[in-house]
Number of protein chains: 2
Amino acid sequence: MSTTHTNTRTKILQATLDLLFSEPPAKTRMSDVATQAGVSRQAVYLHFKNRADLLIAATHFLDEKLDTDARLAASRTAQSGRDRLQAFVTAWGNYIPEIHRIAKVLISMSETDEAAASAWENRMQDMREGCAAAIDALNADGTLSPDFNTEDATDVLWTMLSVHNWEHSTGACGWSQKKYLTMLALTTQKLFYADPVKAP
Amino acid sequence: MSTTHTNTRTKILQATLDLLFSEPPAKTRMSDVATQAGVSRQAVYLHFKNRADLLIAATHFLDEKLDTDARLAASRTAQSGRDRLQAFVTAWGNYIPEIHRIAKVLISMSETDEAAASAWENRMQDMREGCAAAIDALNADGTLSPDFNTEDATDVLWTMLSVHNWEHSTGACGWSQKKYLTMLALTTQKLFYADPVKAP
DNA sequence: CACACACTTTACATTGTGTAAAGTTGACAA
DNA sequence: TTGTCAACTTTACACAATGTAAAGTGTGTG
């Protein structure tokens, strides 16, 4: 039945995530995934037409597990524009470490694979909409800094929240996740608030 | 003589840069480089032990051509801390597009090649020193925002000036180089100046 | 009982890196 | 003039990883 079909497919996707998020980081060659899933390498090609296809599917699979949409949508319930911006920044900032590994693979694959590139670009465009919504909320409240129009502010925020910047902050800079979030809150306030909250 | 040796080596390095900076972007497989240099593929291995070695050498070769050190050192002559920060940001911001292609290859190679990773990391550490010097100058003038200590400000600036952020700004955001520099000036002022210059 | 389907097994093509070793050439020295 | 050395070429091969192809296995359902 299709149950078996689904089970094997799921086993493969789970195996992919297991390898991607294992410590220390493991390789995720097609054969590694197959072995981890307890399945032949060819079985993987039976379900996914190539590695890019598998990793894109694994990304969606992870989305479901993390309930990504719901988590990011939560920031929309905030009352003020400021609260909404901070809620969005925090939600996304906490989301990155959970998807970081697979994001890296997808970004890296984007250099050669068109489908991977477009899958990642879609996610980034969705993310930009979240940035735009937060900036728009700030603007609607009249609390967006007059130094930016909404487009520019959105692009700056979008850039600040990139996976690469998280990686650089927590890697090269050696910041903890907590510090990363603190600095993100501080810098977004200084940049985007019409009247930045000053430290006492 | 060693003249011949040097000439072939130089030809190969130049060929590497020619391919890296060609429009549209060309592949830089060992065989492509060899063909471009008018030399056999094996000759490349005679001068460079592997692809990482070749690309690291090409990076240094480009440094010489661009007189990298001199350009970045120029920012140190600025009088005030504010001028110095802006001079450094502008110098680096204008430097990135000139090294972007080779930086990308080196970064990408860092995922698998230890030598490439450490070559790129060295450059980034050098760059961080430039950031630190600029922030220190601001701090010495008493014009560094009290919201940051010098370490944190350095790390934030360092992150802002990353190659990835340039790529995202001029690529995904669609900004021109001029706009990139303008936004960089604006955001660094808002973040790091004790008393940010306000738009009229 | 058979046959359909999911999966396995085996084998092979392809691409790019890197190694190995024999052959060629040209400049310079005896 | 000849010999030799170094730089380079040519040819060949090993290896890793992706992807294709096709025959074989085993099981549950009509």
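Each chain gets a letter, A, B and so on, in the order its sequence line appears, and its residues count up from 1. Note that these values count all heavy atoms, side chains included, but never hydrogens, waters or copies made by symmetry.
In R71(B), the CZ atom is crowded: over 12 heavy atoms of neighbouring residues, nucleotides or ligands sit closer than 6.0 Å.
Between E111(A) and S108(B) the shortest side-chain heavy-atom distance falls below 4.5 Å. The shortest side-chain heavy-atom distance between T16(A) and F61(A) does not fall under the 4.5 Å cut-off. Counting heavy atoms from C-beta on, the side chains of Y45(A) and M30(A) come closer than 4.5 Å.
Listed nucleotides dC8(D), dA17(D), dG16(C) differ in distance to R29(A); the shortest reach to its side chain belongs to dA17(D).
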Write down the protein N/O and nucleotide N/O pairs, taken from nucleotides 8-11 of chain C, whose separation is under 3.5 Å; answer none if there are no such pairs.
{"unit_1": "dT8(C)", "atom_1": "OP1", "unit_2": "S40(A)", "atom_2": "N", "d": "3.3"}
{"unit_1": "dT8(C)", "atom_1": "OP2", "unit_2": "S40(A)", "atom_2": "N", "d": "2.9"}
{"unit_1": "dT8(C)", "atom_1": "OP2", "unit_2": "S40(A)", "atom_2": "OG", "d": "2.6"}

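Taking atom CG of residue N7(B) and atom C1' of nucleotide dA7(D), one finds them 12 Å apart after rounding to whole Å. Separating the NZ atom of K27(B) from the C1' atom of dT17(C) is a distance of 14 Å, rounded to the nearest angstrom. Here the C1' atom of nucleotide dT18(D) and the CG atom of L54(A) are 13 Å apart, to the nearest Å. Atom-to-atom, CG of N50(A) to C1' of dT14(C) comes out at 15 Å; the value is rounded to the nearest Å. Atom CE in M30(A) sits roughly 13 Å away from atom P in dA17(D) (whole-Å rounding). For R51(A) and dT20(D), the CZ to C1' distance is 18 Å, given to the nearest whole Å. Taking atom CZ of residue F48(B) and atom P of nucleotide dA7(D), one finds them 14 Å apart after rounding to whole Å. A straight line from OH of Y45(B) to P of dA12(D) spans 19 Å, rounded to a whole angstrom.
Summary of helix geometry: the two end axes of the helix from dC1(C)-dG30(D) to dA30(C)-dT1(D), each defined by five base pairs via their C1' atoms, are inclined to each other by 30° (rounded to 10°).
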Legend entry - Residues R123(B), D63(B); criterion salt bridge (charged side-chain N to carboxylate O under 4.0 Å, His left out); working and verdict: CA-CA 11 Å; R123(B) 300 181 80 72; D63(B) 278 345; 2.7 Å; yes
Inset, instruction - Might you work through the salt bridge (charged side-chain N to carboxylate O under 4.0 Å, His left out) test for R128(B) and E151(B), ending with a clear yes or no? - result: CA-CA 11 Å; R128(B) 189 180 186 280; E151(B) 278 296 295; 3.4 Å; yes
Inset, instruction - Output, in order, the C-alpha distance, side-chain angles, deciding distance and verdict of salt bridge (charged side-chain N to carboxylate O under 4.0 Å, His left out) for E23(B) and R101(B). - result: CA-CA 11 Å; E23(B) 207 59 56; R101(B) 292 282 184 82; 2.9 Å; yes
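Judged purely by distance below 3.5 Å, without hydrogens or angles, the side chains of Q36(A) and D32(A) never pair a donor atom with an acceptor atom.
Of the candidates E167(A), H164(A), H168(A), H168(A) is the only one forming a side-chain hydrogen bond (donor to acceptor under 3.5 Å, both in side chains) with T159(B).
A close approach under 4.0 Å does not occur between any side-chain nitrogen or oxygen of H47(A) and OP1 or OP2 of dA6(C).
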